[in-house]
Amino acid sequence: MELPKSVELVAKDGKAITLPIEVAKRSGLIKGLFEVVEGSNYQEPIPIPKVNIDILAKVFDWCTMYELYERDKDVKKKEKHDKQNQETDDQFTEEEFNQKYFQQLENEGSTALVFEIMMAANFLDVKPLLDVATSVIAKRIKACQTAESVQEAFDFKKTEPALKKKRKGLMNGIRRTIFQD
């Protein structure tokens with residue numbers, strides 16, 4: 001049986017978003033669901049219990065833009081016959097695409113927003129977005145000079161002294177690991 005043309009996702013805050021099925025299937029979680037229910041016309045809203053609507057919308061905005069990027073890349077491949085130039089152009093274009101997306105996020109909010117998108121990409125199994133977001137987060141952590149500056153950059157809330165001390169030790173450990181590479 002044929003898959004529906006769109007799917008409704010319900011975020012943890014109860015709000016819903018409707019997406020074209022091709023875009024939604026950029027998520028391994030959604031794609032896996034449709035593979036499991038293959039042969040049925042699945043029309044129910046899909047709950048996404050760990051992601052709020054704002055972050056869900058941003059993840060699928062990226063998926064929509066990535067879907068358009070992939071289509072455009074396929075058209076360019078058909079038009080161009082020189083494979084060496086094509087590979088260089090594609091790599092630059094994909095990097096440029098991701099830089100533009102994360103630059104928009106920086107203009108909208110803090111590093112905490114990028115962190116939330118990374119966590120959502122992980123939950124939804126959107127591997128290309130997870131890879132890029134993880135790289136952006138790692139670069140930002142590397143740029144921080146102290147554990148406190150990492151906490152500030154990621155908007156960590158003030159916590160009890162014992163938990164704060166434990167978190168500080170963890171962040172220092174992360175910094176040591178990053179700088180050993």
Side-chain angles (χ1 to χ4, degrees), residues 9 11-13 17 19 23-31 48-74 76 84-161 163-181:
L9 306 178
K12 76 177 179 181
D13 50 11
I17 185 171
L19 301 165
V23 172
K25 285 177 73 175
R26 287 278 173 192
S27 160
L29 180 74
I30 306 298
K31 184 178 180 179
I48 308 296
K50 294 191 176 188
V51 183
N52 72 39
I53 193 67
D54 294 333
I55 300 302
L56 192 63
K58 290 190 183 316
V59 167
F60 284 105
D61 282 347
W62 182 90
C63 289
T64 301
M65 291 189 305
Y66 196 77
E67 180 75 18
L68 294 172
Y69 162 76
E70 287 290 313
R71 287 182 194 167
D72 186 48
K73 186 170 83 170
D74 289 343
K76 285 181 181 177
Q84 286 180 330
N85 289 339
Q86 181 61 33
E87 287 177 21
T88 304
D89 289 347
D90 284 347
Q91 290 172 356
F92 175 74
T93 304
E94 187 168 355
E95 183 178 315
E96 185 178 77
F97 160 80
N98 286 316
Q99 284 177 347
K100 181 179 177 184
Y101 178 78
F102 282 97
Q103 184 62 45
Q104 287 174 334
L105 290 179
E106 282 182 5
N107 294 339
E108 289 180 31
S110 68
T111 304
L113 179 63
V114 178
F115 189 78
E116 287 184 55
I117 288 171
M118 180 189 73
M119 298 298 288
N122 185 42
F123 177 75
L124 293 164
D125 192 18
V126 182
K127 183 150 176 41
L129 178 58
L130 178 61
D131 291 345
V132 174
T134 302
S135 175
V136 169
I137 296 291
K139 287 176 186 173
R140 291 186 184 170
I141 289 173
K142 232 177 190 179
C144 294
Q145 299 299 315
T146 65
E148 289 79 18
S149 62
V150 172
Q151 290 173 339
E152 187 178 302
F154 288 92
D155 251 357
F156 289 145
K157 306 291 182 214
K158 293 189 178 192
T159 59
E160 295 179 31
L163 186 56
K164 190 172 184 178
K165 186 176 178 180
K166 184 177 181 180
R167 189 176 283 164
K168 182 177 179 179
L170 176 64
M171 296 311 291
N172 285 334
I174 291 171
R175 286 194 48 74
R176 280 193 296 274
T177 301
I178 289 173
F179 286 114
Q180 286 176 355
D181 292 341

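Numbering starts at 1 and runs along the sequence shown. Being a predicted model, the structure only gives us computed values, none of them experimental.
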Flag side-chain contact, heavy atom, 4.5 Å: [X] against [Y]:
X    : Y    : value
V23  : Y66  : no
L113 : D54  : no
V59  : V51  : no
F115 : R140 : no
L130 : M118 : yes
I137 : T134 : no

From [X] [atom1] over to [Y] [atom2], what is the distance, rounded to the nearest 0.5 angstrom?
X   : Y   : atom1 : atom2 : result
T64 : E67 : OG1   : CD    : 8.0 Å
W62 : R26 : CH2   : CZ    : 7.0 Å
D61 : L19 : CG    : CG    : 9.0 Å

message: Please check this pair: side chain of S27 against backbone of D125, looking for a donor-acceptor N/O pair closer than 3.5 Å.
response: no
- request: Applying side-chain contact (heavy atoms from CB on, under 4.5 Å), run through Y101 and V136 and close with a yes or a no.
  value: CA-CA 11 Å; Y101 178 78; V136 169; over 6 Å; no
message: Looking at every non-hydrogen atom in both residues, tell me the closest pair between I55 and A120 and how far apart they are.
response: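 Heavy atoms only, the tightest pair is CG2-CB, 3.6 Å.
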message: Using side-chain contact (heavy atoms from CB on, under 4.5 Å), reason through L129 and C63 one step at a time and then give a plain yes or no.
response: CA-CA 8 Å; L129 178 58; C63 289; 5.6 Å; no
- request: Please step through side-chain contact (heavy atoms from CB on, under 4.5 Å) for the pair K12 and K50, ending with a clear verdict.
  value: CA-CA 6 Å; K12 76 177 179 181; K50 294 191 176 188; 5.8 Å; no
task: Could you tell me whether D131 and K127 make a salt bridge, using a distance below 4.0 angstrom between a side-chain N and a carboxylate O?
output: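 Salt bridge present between D131 and K127.
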query: Quick check: are there more than 12 heavy atoms from other residues, nucleotides or ligands sitting under 6.0 Å from CE of M65?
result: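 Yes, because the 6.0 Å sphere around CE of M65 holds more than 12 heavy atoms from other groups.
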task: Apply side-chain contact (heavy atoms from CB on, under 4.5 Å) to F123 and I48, showing your working.
output: CA-CA 9 Å; F123 177 75; I48 308 296; 3.8 Å; yes
